[in-house]
Amino acid sequence: MDITNYSWQKSSFSGDSSNCLYLAVSDADCVLIRESDDPSQTVAASSSAALARLLRGIKADTFGRPADRP
């Protein structure tokens with residue numbers, strides 16, 4: 001997949017940080033997610049509905065916190 005043909009949008013939560021998350025929408029309702037560390041790689045692909053469920057779960061703290069983080 002050639003990911004350079006997509007219109008990538010930087011997450012507003014990334015601010016001016018060099019650790020950024022980018023999203024793009026491809027055909028067939030597929031959301032592409034990549035990080036700024038290696039922009040030539042697609043980190044994940046998901047449907048918009050599944051990504052929305054994940055984000056709602058994160059906001060609701062459904063998954064809890066990793067053991068090594070406060």
Side-chain angles (χ1 to χ4, degrees):
M1 173 188 296
D2 181 8
I3 64 171
T4 59
N5 293 331
Y6 297 104
S7 177
W8 291 94
Q9 181 177 350
K10 180 180 170 182
S11 168
S12 61
F13 290 100
S14 296
D16 292 332
S17 171
S18 62
N19 297 323
C20 303
L21 185 68
Y22 289 85
L23 299 174
V25 177
S26 73
D27 50 352
D29 189 40
C30 183
V31 179
L32 304 174
I33 306 165
R34 72 175 191 193
E35 10 172 9
S36 58
D37 291 344
D38 190 354
S40 66
Q41 298 286 325
T42 299
V43 175
S46 174
S47 71
S48 59
L51 181 59
R53 286 192 302 272
L54 174 65
L55 294 175
R56 281 193 302 271
I58 291 169
K59 287 180 181 179
D61 202 20
T62 301
F63 310 112
R65 302 235 180 246
D68 63 341
R69 299 183 95 185

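A pairwise comparison of heavy atoms in Y6 and A24 identifies CB-CB, 3.8 Å as the closest pair.
V25 and Y22 fall into different hydrophobic clusters, where Ile, Leu, Val, Met, Phe, Trp and Tyr residues are linked whenever their side-chain heavy atoms come under 4.5 Å apart, directly or through other members.
Here L51 contributes atom CG and I33 contributes atom CD1; the two are 5.0 Å apart, rounded to the nearest 0.5 Å.
The side chain to side chain donor-acceptor pair (under 3.5 Å) test applied to D29 returns S48, not counting sequence neighbours. Residues satisfying the side-chain contact (heavy atoms from CB on, under 4.5 Å) test with A50, not counting sequence neighbours, are S46, S47, R53.
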